[in-house]
Protein chains: 2
Amino acid sequence: MGVSRKTKTVKLLLDLFDRKDCALSIVELVSTFSGKMNKSTVYRILNRLEESGLLHSFLGNDGLKRYAKGDQRPAKSKNTTMHPHFLCEDCGISSCLPLEISTSSIPNYTIKSSEQLYLGQCNNCQM
Amino acid sequence: MGVSRKTKTVKLLLDLFDRKDCALSIVELVSTFSGKMNKSTVYRILNRLEESGLLHSFLGNDGLKRYAKGDQRPAKSKNTTMHPHFLCEDCGISSCLPLEISTSSIPNYTIKSSEQLYLGQCNNCQM
DNA sequence: TTCTTAATGCAACATGGTTGCATTAATAAT
DNA sequence: ATTATTAATGCAACCATGTTGCATTAAGAA
Ligand SMILES: [Mn+2]
Ligand SMILES: [Mn+2]
Ligand SMILES: [Zn+2]
Ligand SMILES: [Zn+2]
């Protein structure tokens with residue numbers, strides 16, 4: 001598991017995430033790199049990068065998986081802690097929110113983790 | 001938009017939601033009613049019931065849409081307010097959580113709503 | 001340079017969800 | 001009760017995201 005070879009395709013993806021600071025959906029990535037690498041390759045690299053802890057992922061309310069920089073694996077979180085994500089309803093841009101997730105406790109339930117997505121308008125799209 | 005005719009199939013779905021108190025994924029529902037109604041019919045009825053405010057929906061972290069009783073449409077919320085949802089990692093059961101969502105404000109972002117999914121163990125699956 | 005095997009490309013598949021259209025049936029009108 | 005209107009259904013074909021098996025390629029160790 002994890003990334004063990006720095007192939008051209010892996011570098012392409014890592015470079016992009018270096019430049020871009022927002023979260024990127026797989027669909028965007030597959031489209032961005034169409035011609036440069038195969039769809040399955042994108043999926044597989046993203047999997048490995050997440051296992052390695054270089055990226056983490058979350059689901060938008062459109063059901064699309066998005067990836068962003070940083071580790072979010074349980075119990076190993078050094079770079080990044082659990083945090084909510086934001087999705088702009090106007091332009092679709094998405095990003096990590098620098099907030100702690102406060103896991104409230106609920107009777108009869110054991111809560112292990114939580115996924116939080118905030119929806120609204122980003123900096124550019126306001127008013 | 002909304003439900004305007006109480007067809008046999010609509011009654012079947014409403015009856016089920018009357019009996020069951022938890023949230024149900026479309027996949028479950030399509031499977032439950034296979035033989036009784038068509039896949040597209042299930043999707044279309046659920047859409048209409050949500051527009052009517054009889055049901056509301058959310059996405060599991062598996063990307064599957066789930067439906068539960070009650071209205072969650074913005075600005076019209078009488079029955080139900082915005083609330084988080086729970087998904088048992090062991091048995092897959094899912095339900096609404098009776099909690100208010102506190103929309104924290106974040107600089108540079110206008111937050112309109114939020115989707116919160118709590119993951120863990122349900123009553124039955126604990127220890 | 002050679003060898004090992006992780007990683008890729010490709011095509012075929014799986015699953016969730018949507019759509020166009022002919023037909024059926026709930027309800028309104030007579 | 002009968003007829004007319006049209007919402008709702010079934011079906012088949014489609015679309016999108018995501019996965020998989022397998023032959024081939026290319027990192028990087030030896
Ligand atoms: Mn994040
Ligand atoms: Mn709910
Ligand atoms: Zn925006
Ligand atoms: Zn359970």
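Everything quoted here is computed from the prediction, not taken from an experiment. To find a chain, count down the sequence lines: A is the first, B the second, and so on, and within it residues start at 1. What's counted below: heavy atoms across the whole structure, side chains too, no hydrogens, waters or symmetry copies.
- Atom CD in B:Glu51 sits roughly 13 Å away from atom C1' in D:dA7 (whole-Å rounding).
- Comparing D:dA8, C:dG9, C:dG17 against the side chain of B:Ile26 picks out C:dG17 as the nearest.
- Phosphate proximity of D:dG28 to A:Ser4: absent, as no side-chain N or O sits under 4.0 Å from OP1 or OP2.
- B:Arg44 comes within 4.0 angstrom of a base, heavy atoms only.
- The residue among B:Tyr43 and B:Thr7 whose nearest nucleotide of DNA chain C is located toward the 5' end is B:Tyr43.
- The pair B:Asp21-B:Lys69 meets the salt-bridge criterion, with a side-chain N (NZ, NE, NH1 or NH2) lying under 4.0 Å from an Asp/Glu carboxylate O.
- Note on ring orientation: taking the six-membered ring where Trp is involved, the planes of A:His85 and A:Phe58 are parallel (angle under 30°, cut-offs 30° and 60°).
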Inset, instruction - For side chain to side chain contact (heavy atoms under 4.5 Å, CB included), just list the numbers for B:Leu14 and B:Leu16, CA-CA rounded to whole Å, side-chain angles, deciding distance to a tenth of an Å, and then say yes or no. - result: CA-CA 5 Å; B:Leu14 286 177; B:Leu16 180 59; over 6 Å; no
Inset, instruction - List the steps, then state whether side-chain hydrogen bond (donor to acceptor under 3.5 Å, both in side chains) holds for A:Ser95 with B:Tyr109. - result: CA-CA 11 Å; A:Ser95 55; B:Tyr109 292 94; 3.1 Å; yes
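- Residues from residues 29-42 of chain B lying near DNA chain C, meaning a heavy-atom separation below 4.0 Å, are B:Lys39, B:Ser40 in numerical order.
- Around the CD1 atom of B:Ile93, the shell of radius 6.0 Å holds no more than 12 heavy atoms that belong to other residues, nucleotides or ligands.
- Sequence order on DNA chain C of the closest nucleotides to B:Val27 and B:Lys6 puts B:Val27 first from the 5' end.
- Taking atom CG of B:Leu46 as the reference point, atom C1' of D:dT9 lies 14 Å away to the nearest angstrom.
- C:dG16 atom C1' lies 12 Å from atom CG of A:Leu64, rounded to whole Å.
- With the end axes of the helix from C:dT1-D:dA30 to C:dT30-D:dA1 each set by five pairs, the angle from one to the other reads 30° at 10° resolution.
- Atom-to-atom, CG of B:Asp62 to C1' of C:dG17 comes out at 15 Å; the value is rounded to the nearest Å.
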Inset, instruction - In sequence, state the C-alpha distance, the side-chain angles, and the governing distance for B:Val30 and B:Tyr43, and then conclude on side chain to side chain contact (heavy atoms under 4.5 Å, CB included). - result: CA-CA 8 Å; B:Val30 167; B:Tyr43 280 94; 4.2 Å; yes
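- Judged by distance alone, the side chains of B:Glu115 and A:Asn61 never bring a donor and an acceptor atom under 3.5 Å apart.
- Here the C1' atom of nucleotide D:dT20 and the CG atom of A:Asn47 are 13 Å apart, to the nearest Å.
- In this structure, B:Tyr67 places its OH atom 12 Å from C1' of C:dG16, rounding to the nearest Å.
- Interatomic distance, B:Leu13 CG to B:Leu29 CG, rounded to the nearest 0.5 Å: 6.0 Å.
- Rounded to the nearest 0.5 Å, atoms CG (A:Leu99) and CE (A:Met82) are 14.5 Å apart.
- One atom, CG of B:Leu12, and another, C1' of C:dA26, lie 15 Å apart when rounded to the nearest Å.
- With C:dA7, D:dT9, C:dT8 as the candidates, the nucleotide lying closest to the side chain of A:Arg5 is C:dA7.
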